[in-house]
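Taking it in order: structure first as structure tokens, then the write-up.
Protein chains get the first letters and strands the later ones, always in sequence-line order, with residue 1 at the start of each.
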Number of protein chains: 2
Amino acid sequence: MNPVRVLLADDEHLIRGALAALLALEDDLLVVAEAASGPEALAMARAHRPDVAVLDLQMPGADGVSVATSLRAELPGCKTMIVTSHGRPGHLKRALAAGVRAFAPKTVSAQRLAELIRTVHAGGRYVDPELAADAISAGDSPLTAREAEVLELAADGAPVAEIAERASLTQGTVRNYLSSAATKLGAENRHTAVRLARERGWV
Amino acid sequence: MNPVRVLLADDEHLIRGALAALLALEDDLLVVAEAASGPEALAMARAHRPDVAVLDLQMPGADGVSVATSLRAELPGCKTMIVTSHGRPGHLKRALAAGVRAFAPKTVSAQRLAELIRTVHAGGRYVDPELAADAISAGDSPLTAREAEVLELAADGAPVAEIAERASLTQGTVRNYLSSAATKLGAENRHTAVRLARERGWV
DNA sequence: GGCCACCGATGACATTTGTCAGGGGCACCG
DNA sequence: CGGTGCCCCTGACAAATGTCATCGGTGGCC
């Protein structure tokens, strides 16, 4: 039986290296490539055509989900899984929509990770039960596309005028969207709304 | 020569375990304890009295710097070092003030980390050059104590009235402090001011 | 003692924001 | 075809926020 060819993508060398070392102990797993950024992960995947890609959620360049999306299109045979420190409900949803086969927090053990890689390679799927519960209880985003867009532009505390300009909208329209978004989220102002939407992974 | 006794504290099992495995390969290093939270790190340190404590910056309960402060008081012989994913200038300053001997990002290699542990154990110090440059260019916080306090209370987007109540101040006073803080930081409003202060590690 | 920085407050003002009530246009669906 | 939901806008009002001038008190420092 050929070993499972694995691509590791994580921007923290320390963790990536440690992970590679641990997975190397499993004789049915073979780490064929490592990457420290989204674009690098894609390039490595093209070059080495791994069976399974283990992606960190937050990476410079392109995050794990967008890498997974690209991979799905380019290398349908390559299964993807996401490992992350900060698992937010929305991320899980986006990841599953992108065809990711497994989604786990970094609090799992290396042993467990190795098992997950095997599971995914065999065609199985997995999501962390706790994250799944969060995602279900958080539900779908009640925000419309524009509400979410405007909220995102408001994320760094920009004044309404700037948001309006960047979104090519009227200030009044922007305020209406922000107001309705805040109402839907149960927030008193747009800033707490931004925070809540972030926590739920809706932005 | 006795091996260096190391305490590992990081809330991500995956990383902690991987790190422990890697450090175990170095025969002059011995991981005697692991912890997943600030309080647990303290308890472990008391129980096992390590030579060097490797602390993650962000942990549940108490962050790496406060753990380092407590350790310095309780176990003066135990040297502390901080390893983190997100190194902000202010964190570095606070860490050094707390008597931390080394401050490195998680982008270092395991080999490098092992060297750092030896360096620290031998009485040396180390700070990541890039972080040091950031810290120097960021300079000291221009904020007065109250400005920083009020800014912190404003961090989650609370309205002025709530900040005033929580700080036992008048709304006018709060607005004045927020205004001066925003001016000092070159921000247009308090929300971007909060963000800037966070980025520089001044809150 | 005088100087200066910080703390805390007041009052007034301009600006920004939040909120509400609309209206026209468009697309989808029963 | 009518209803519904979203998009985009307007206008107006209330509330929150930012800004400025100013004042008194405190404590450190030369």
Side-chain angles (χ1 to χ4, degrees), chain A residues 90 93-94 97 138-203, chain B residues 90 93-94 97 138-203:
Chain A
K93 269 192 206 295
R94 280 198 304 138
D140 273 326
S141 171
L143 303 176
T144 69
R146 283 303 182 288
E147 283 166 356
E149 180 189 342
V150 170
L151 204 55
E152 200 159 5
L153 288 174
D156 52 352
V160 173
E162 190 179 322
I163 301 172
E165 193 184 0
R166 289 213 274 171
S168 302
L169 291 178
T170 311
Q171 297 199 13
T173 307
V174 169
R175 287 190 293 179
N176 284 339
Y177 282 155
L178 287 176
S179 182
S180 69
T183 302
K184 285 179 181 175
L185 296 174
E188 288 185 340
N189 55 46
R190 64 179 142 149
H191 304 286
T192 64
V194 165
R195 195 168 46 82
L196 289 176
R198 273 216 194 295
E199 284 174 8
R200 293 170 169 69
W202 289 339
V203 290
Chain B
K93 269 191 207 294
R94 281 198 303 137
D140 272 325
S141 170
L143 304 176
T144 69
R146 283 303 182 286
E147 283 166 356
E149 181 189 342
V150 170
L151 204 55
E152 200 159 6
L153 288 173
D156 52 352
V160 173
E162 190 179 322
I163 302 172
E165 192 184 0
R166 289 214 274 172
S168 302
L169 291 177
T170 309
Q171 296 199 13
T173 308
V174 169
R175 286 190 294 177
N176 284 339
Y177 282 154
L178 286 176
S179 183
S180 69
T183 303
K184 284 180 180 174
L185 295 174
E188 288 185 338
N189 55 46
R190 63 177 142 148
H191 303 286
T192 64
V194 165
R195 194 169 47 79
L196 289 175
R198 273 215 193 295
E199 283 174 9
R200 293 170 170 69
W202 288 340
V203 290

query: Picking from D:dT10, D:dT17, C:dC7, which would you name as closest to the side chain of B:V160?
result: D:dT17
message: Need to verify one output field. Residue with the more 5' nearest nucleotide on DNA chain D, B:N189 or A:R146?
response: A:R146
query: Taking everything shown except B:E188 itself, do over 12 heavy atoms lie less than 6.0 Å from its CD?
result: no
message: What is the separation between atom NZ on A:K184 and atom P on D:dG5, rounded to the nearest whole Å?
response: 11 Å
query: Rounded to the nearest Å, what distance is computed from the CG atom of residue B:L178 to the C1' atom of nucleotide C:dG8?
result: 14 Å
message: Can you confirm whether A:E199 is buried at CD, in the sense that more than 12 heavy atoms of other residues, nucleotides or ligands lie under 6.0 Å from that atom?
response: yes
task: Measure from CD on A:Q171 to P on D:dC8 and round the result to the nearest Å.
output: 16 Å
statement: note: B:L151, atom CG; D:dG18, atom C1'; distance rounded to Å ~ 14 Å
- prompt: Between atom CG in A:L153 and atom P in C:dT17, what is the gap in whole Å?
  reply: 14 Å
- prompt: Contact class for A:A182 vs. all strands (heavy atom < 4.0 Å): base, sugar-phosphate, or nothing?
  reply: nothing
Evaluation steps, side chain to side chain contact (heavy atoms under 4.5 Å, CB included), between B:W202 and B:L151: CA-CA 10 Å; B:W202 288 340; B:L151 204 55; over 6 Å; no
- prompt: Does B:S179 make a side-chain N or O approach to OP1 or OP2 of D:dT19 shorter than 4.0 Å?
  reply: yes
- request: Give the rounded distance in Å between these two atoms: CD1 of B:I163 and C1' of C:dG8.
  value: 16 Å
field: Proximity to the side chain of A:L169 - top-ranked nucleotide from C:dA9, C:dC7, D:dC9
entry: D:dC9
query: Around atom CZ of A:R198, are there more than 12 heavy atoms of other residues, nucleotides or ligands at under 6.0 Å?
result: no
message: Heavy atoms only, 4.0 Å cut-off, all strands: where does A:T173 land among base, sugar-phosphate and nothing?
response: base
- prompt: How close or far is atom P of D:dA14 from atom CD of A:E188, stated in whole angstroms?
  reply: 21 Å
- request: Using side chain to side chain donor-acceptor pair (under 3.5 Å) as the criterion, point out the one residue from B:E147, B:R146, B:R175 that pairs with B:S180.
  value: B:E147
query: Once you round it to whole Å, what is the distance between P of D:dA21 and CZ of B:R175?
result: 16 Å
task: Answer with yes or no whether A:N176 presents, from its side chain, a donor or acceptor under 3.5 Å of a partner atom in the base of D:dC8.
output: no
- request: State whether A:T170 places a side-chain N or O below 4.0 Å from either non-bridging phosphate oxygen (OP1 or OP2) of D:dC8.
  value: no
Shortest side-chain distance from B:P159, nucleotide among D:dG18, D:dT17, D:dC8: D:dT17
message: Counting only side-chain nitrogens and oxygens, does A:T144 get under 4.0 Å of the OP1 or OP2 atom of D:dG5?
response: no
